[in-house]
Amino acid sequence: ALPYRIAPIPGKGLGLVATRKICRGELVVEEKPVLTAPGGLIGMRKLQAQFDALEASVQDEIMALHDRNASDGHGKTLLGVFGTNALPQGVGSPDAAMCLVISRANHSCISNCYHGWVDGRERLYADVDIDCGGEICTHYTQWHNPTAHRQRELETKFGFLCDCPACTEEETMRKKHDAIRVKIGELDEAIPELYAMPNQAVALVEQVLELYEKLGRPTPYAAEVRHCFDAYQLSLSNRNLTSAKRWIGRAYAAMVVTDG
């Protein structure tokens with residue numbers, strides 16, 4: 001049986017709900033895209049041809065998805081639906097892909113899942129344990145941005161104001177957590193600038209990972225892969241094989257979850 005079902009979510013339309021307990025690190029869904037587009041306008045023009053070749057029932061499922069540019073569901077377009085729901089085919093890729101099930105995963109700034117593109121498929125996996133009946137959420141914005149920045153971006157790009165626990169928590173805690181998020185982003189940008197000083201750069205990696213824990217949740221797997229692999233390379237450049245072995249082991253364990 002599938003670990004999820006598509007169901008109405010108050011104030012959000014449809015979403016994904018866990019049909020049983022989903023454990024941290026578990027693959028929730030791996031899905032082949034129903035529509036793809038290489039970067040640029042030429043790829044977008046090919047969408048209609050792909051859409052026309054699909055069965056009518058699949059076309060209906062596509063057009064039932066949210067269109068940021070439509071008002072109350074009226075005036076939807078294929079480009080609007082694709083532009084609202086498509087994900088990049090890998091970090092930094094100009095190519096996009098849209099999946100019917102994963103498109104139903106709503107946003108939360110403290111998401112319990114994350115998605116990644118692997119070998120022509122989109123994978124959605126659990127970053128934390130999810131109880132039976134809990135909503136399965138990913139995130140649509142840069143994770144380390146503060147609340148006000150995330151709210152503006154979500155309203156501009158997707159047409160909604162987020163009311164997730166991270167955005168609605170008590171002001172003192174929200175400011176504290178925003179400061180941690182911003183610090184993570186600053187350290188993340190600083191690490192590459194210290195590649196010539198491996199010990200200092202590894203110390204920043206350790207600091208970033210500790211900051212994630214201060215948010216009261218495990219480090220997201222995607223972040224763990226990237227940061228631990230950075231520390232592995234830095235340790236190798238410093239000829240610290242013991243440290244390198246420890247970091248690559250941690251990166252590999254996280255990558256088994258993100259990439260399978």
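For this chain, numbers begin at 1 and follow the sequence in order.
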| query | Quick one: are Arg181 and Cys109 in side-chain contact, heavy atoms under 4.5 Å? | reply | yes
| query | Under the 3.5 angstrom rule, does the side chain of Lys76 hit a backbone N or O of Leu65 as a donor-acceptor pair? | reply | yes
| remark: salt bridge (charged side-chain N to carboxylate O under 4.0 Å, His left out) filter on Glu224, not counting sequence neighbours, yields Arg250
| note | Residues at least two apart in sequence or cross-chain that pass salt bridge (charged side-chain N to carboxylate O under 4.0 Å, His left out) with Asp178, listed by chain then number, are Arg150
| task | Grab the two heavy atoms, one from Leu234 and one from Ala201, that are nearest each other, plus how far apart they are. | result | CD1-CB, 3.4 Å
| query | Does any non-hydrogen side-chain atom of Val101 lie less than 4.5 Å from one of Arg104? | reply | no
| message | Show, in sequence, the C-alpha distance, side-chain angles and deciding distance for Leu54 and Ile62, and conclude whether the side-chain contact (heavy atoms from CB on, under 4.5 Å) test is met. | response | CA-CA 10 Å; Leu54 297 170; Ile62 291 172; 3.5 Å; yes
Sequence neighbours left out, cut at 3.5 Å: what donor-acceptor pairs do the side chains of residues 83-94 make with other protein atoms?
residue	atom	partner	partner atom	Å
Thr84	OG1	Arg68	N	2.9
Thr84	OG1	Gly80	O	2.7
Asn85	ND2	His66	O	2.8
Asn85	ND2	Val81	O	2.8
Gln89	NE2	Ala96	O	2.9
Ser93	OG	Asp95	N	3.1

| Which residue pairs satisfy the side-chain hydrogen bond (donor to acceptor under 3.5 Å, both in side chains) criterion with at least one member in residues 120-129, sequence neighbours excluded? | Glu30-Arg123
| Heavy-atom neighbours of Glu55 CD exceed 12 at 6.0 Å | no
| remark: Residue pairs passing the ring pair (Phe, Tyr, Trp, His ring centres under 6.0 Å) test with at least one member in residues 236-260, sequence neighbours excluded, are none
| request: Could you pull out the closest heavy-atom pair between Ala126 and Val28, with the gap in Å? | output: N-CG2, 4.1 Å
| request: For residues His177 and Leu215, determine if any side-chain heavy atom of one lies less than 4.5 Å from a side-chain heavy atom of the other. | output: yes
| message | Does any part of the side chain of Asp119, heavy atoms only, come nearer than 4.5 Å to the side chain of Asp259, both counted from C-beta? | response | no
| field | Validation row: Ser103, Met98 side chains within 4.5 angstrom (heavy atoms) | value | yes
Quick one: side chains of residues 182-196, donor-acceptor pairs under 3.5 Å with protein atoms, not counting sequence neighbours, listed by atom name and distance.
residue	atom	partner	partner atom	Å
Asp188	OD1	Arg226	NH1	2.8
Asp188	OD2	Arg226	NH1	3.3
Asp188	OD2	Arg226	NH2	3.0

| query | Should side-chain heavy atoms under 4.5 Å link Ile, Leu, Val, Met, Phe, Trp and Tyr, which residues sit in the same cluster as Leu161? | reply | none
| message | For Glu171, give me all partners under salt bridge (charged side-chain N to carboxylate O under 4.0 Å, His left out), at least two apart in sequence or on another chain. | response | Lys175
| Does a sphere of radius 6.0 Å around CG in Asp52 hold more than 12 heavy atoms from other residues, nucleotides or ligands, not counting ones at 6.0 Å or beyond? | yes
Residues 151-160 side chain polar contacts: donor-acceptor under 3.5 Å, at least two apart:
residue	atom	partner	partner atom	Å
Gln151	OE1	Cys162	N	3.1
Gln151	NE2	Cys162	O	2.8
Glu153	OE2	Lys157	NZ	3.1
Thr156	OG1	Arg152	O	2.9

| message | Pairing donors with acceptors under 3.5 angstrom, does anything connect the side chains of Arg24 and Tyr221? | response | yes
| task | Determine which pairs satisfy side-chain hydrogen bond (donor to acceptor under 3.5 Å, both in side chains) with at least one residue from residues 208-218, sequence neighbours left out, and list them in order. | result | Glu213-Thr219
| said: Per the ring pair (Phe, Tyr, Trp, His ring centres under 6.0 Å) rule, what does the pair list look like for residues 94-121, sequence neighbours excluded? | reply: His107-Tyr140, Tyr114-His139
| Given side chains that start at C-beta, do those of Cys228 and Val205 come closer than 4.5 Å, heavy atoms only? | no
| message | Give me each pair satisfying ring pair (Phe, Tyr, Trp, His ring centres under 6.0 Å) with a member in residues 80-103, each pair once, sequence neighbours excluded. | response | none
| request: Keeping the roles fixed (side chain from Asn240, backbone from Ser243), state whether a donor-acceptor pair exists under 3.5 Å. | output: yes
